[in-house]
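Here's the structure we're looking at; comments come further down.
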Number of protein chains: 2
Amino acid sequence: MNQHLQPVISTASSRIYETLRRDLVGGRFAAGEKLAINALKEHYHVGLSPLREALNKLAAYGLLIQENQRGFRVPTLTRAELDDIASMRLELEGMAFERAIQHGDAVWEAELLAAAHRLKRADMSLEKDEEWETLHSQFHRTLVAPCGSVWLLRFIEQLHDQFDRYRRLGPKMPTVRQTLDDQHHQLVELALQRDTKAARALMDDHIHKSYQVALKRYEAHA
Amino acid sequence: MNQHLQPVISTASSRIYETLRRDLVGGRFAAGEKLAINALKEHYHVGLSPLREALNKLAAYGLLIQENQRGFRVPTLTRAELDDIASMRLELEGMAFERAIQHGDAVWEAELLAAAHRLKRADMSLEKDEEWETLHSQFHRTLVAPCGSVWLLRFIEQLHDQFDRYRRLGPKMPTVRQTLDDQHHQLVELALQRDTKAARALMDDHIHKSYQVALKRYEAHA
DNA sequence: GTCAGTTAAAAAATCGATTATTTGATATAA
DNA sequence: TTATATCAAATAATCGATTTTTTAACTGAC
């Protein structure tokens, strides 16, 4: 029996896309900043064509603003947009989590536990920052994965990236972080118990608390 | 006083993007078809670089599938995806319409009436097909415009384009079309009366009827 | 006939250079 | 001073050619 292993072929374009996406979400560029394409070319050691293709994709995805004849800019951060993103997360992730609890099977249950465990184990030391972020994203993806709607998942993913631009503005806040980490495990608990209503309520609260963190950082940043 | 008229600068890349978007939504390419980049270059009289940039954007937008080292394909059409898109439209457009009715002002009311009128006047003769489609999109955009969420509007726009790939598969169906056109005016009526509940119900029905049209065409097409 | 290996043609991705447009500095006129 | 015009430098967009990878046709072994 031939294992059809996903090859995950990469191109210069797909690599620089993923790198830039991470750096944009992680706040390595200033909000509102105009991107100097030549500088990017140098910094990431990449050719102009793959770079421009990546920038075009990021603009279509919403992590860059493209203006004809004047290149690419990093979107500004605004209170109104943070509110918008958080409110959309509440609606869409809540909906998705409910549906996931209805449809998720035993495999999902196992993946939930695994994802929560990996996230817990990943210490948040400064060097492993990016690793924790990856596991955190992966955990939230797993929560809603079996919701049954490809488009809903797509929108949620996009909103998460947007939200993280705000959440990751400042330094870590260990106290609040602990509360949020605890909620991760409680979310798994309630999902396994198929307690849709309580799960939804906790998800709402989780997003709301995250929003408060993001807002605090946004205000400190401005 | 200097009128700061939006110049709407266009580039080869932005032009071919818009053209391809229309053609993809309008069904000028077969579902599942592999795009021959050289043929596109010839057909649209455009250079390789702007063409590739447009294709990358369309892939990020969801109107194309990009596979590393093997170019771009038109997404296939499936019953499951049509159901997904329609169900997401129900949720998101319903939500947006309710919010628009809460927040929309007198300017919006005027724009609604204007958009509905333009749509009614546009006859659906075969040559003016594309013009009617533009006015129809514009009308639905206007309905939800003051919902207060940029991201919600963005998702709805995307879902409309996806939905239209199914709706526009076959020839026109004048009888059903008449019902749907009538609903457009009723939607405006209820919006002006600020009857949120009835408006939402009608919007749901409108989307559901459109879904039935799209489904019929999808099944006839397969 | 079917399967793996080989290779020529086709296609995708990328590069290096060119062209077009914008930006910002300077000059000039109101 | 303020506004407008001019022009050089910087940047964005595009082109044409090259490199890399895939596809498909062909070959011979089983």
Task: Candidates A:R141, A:H140, A:H136 - the one meeting side-chain hydrogen bond (donor to acceptor under 3.5 Å, both in side chains) with A:Q138 - done: A:R141
Open item on the list: Please report the distance, rounded to the nearest Å, between CD1 in B:I16 and P in D:dA13.
Closed with: 16 Å
Task: B:Q66 CD to C:dA11 P, straight-line distance once rounded to whole Å - done: 18 Å
Open item on the list: Does either side chain, that of B:D83 or that of B:Y211, offer a donor lying less than 3.5 Å from an acceptor on the other one?
Closed with: yes
TODO: Taking all non-hydrogen atoms of both residues into account, name the closest pair between A:A116 and A:V188 and its distance.
DONE: CB-CG2, 3.9 Å
TODO: In whole angstrom, give the distance that lies between atom CG of A:N38 and atom P of C:dG16.
DONE: 13 Å
- [ ] For C:dT21, take OP1 and OP2 only and decide whether either is under 4.0 Å from a side-chain N or O of A:R70.
- [x] no
Open item on the list: Can you tell me which nucleotide in C:dT22, C:dT14, D:dT14 comes closest to the side chain of B:I9?
Closed with: C:dT22
Open item on the list: The side chain of B:K34 is closest to which nucleotide in this list: C:dA12, D:dT22, D:dA13?
Closed with: C:dA12
TODO: Determine, for A:E130 against A:R168, whether the closest basic-nitrogen to carboxylate-oxygen distance falls under 4.0 angstrom.
DONE: yes
- [ ] Mind calculating the distance between CG (A:L48) and C1' (D:dT14) to the nearest angstrom?
- [x] 10 Å
Task: B:N56 CG to C:dA12 P, straight-line distance once rounded to whole Å - done: 13 Å
Task: Spacing between A:K41 atom NZ and C:dT14 atom C1', to the nearest angstrom - done: 12 Å
Open item on the list: Just N and O in the side chain of B:R52: are any of them under 4.0 Å from OP1 or OP2 of C:dA12?
Closed with: no
TODO: Can you tell me the distance, in whole Å, between the CG atom of A:L35 and the P atom of D:dA12?
DONE: 9 Å
Open item on the list: Within the 3.5 Å criterion, strictly below it, is a donor on B:E93 or B:H160 matched to an acceptor on the partner's side chain?
Closed with: yes
Task: Comparing A:T11 and A:Q69 on DNA chain C - which has the more 5′ nearest nucleotide - done: A:T11
Open item on the list: Rounded to whole Å, how long is the line connecting atom CG of A:L40 with atom C1' of D:dA12?
Closed with: 13 Å
- [ ] Consider the side chain of A:S49, meaning its heavy atoms from C-beta on, and name the nucleotide among C:dC15, D:dC15, D:dT14 that approaches it most closely.
- [x] C:dC15
Open item on the list: Let me spell it out: for each of A:P50 and B:I37, pick the nucleotide of DNA chain C with the closest heavy atom. Which residue's pick is nearer the 5' end?
Closed with: B:I37
TODO: Among the candidates D:dA13, D:dT14, C:dT14, find the nucleotide nearest to the side-chain atoms of A:F72.
DONE: D:dA13
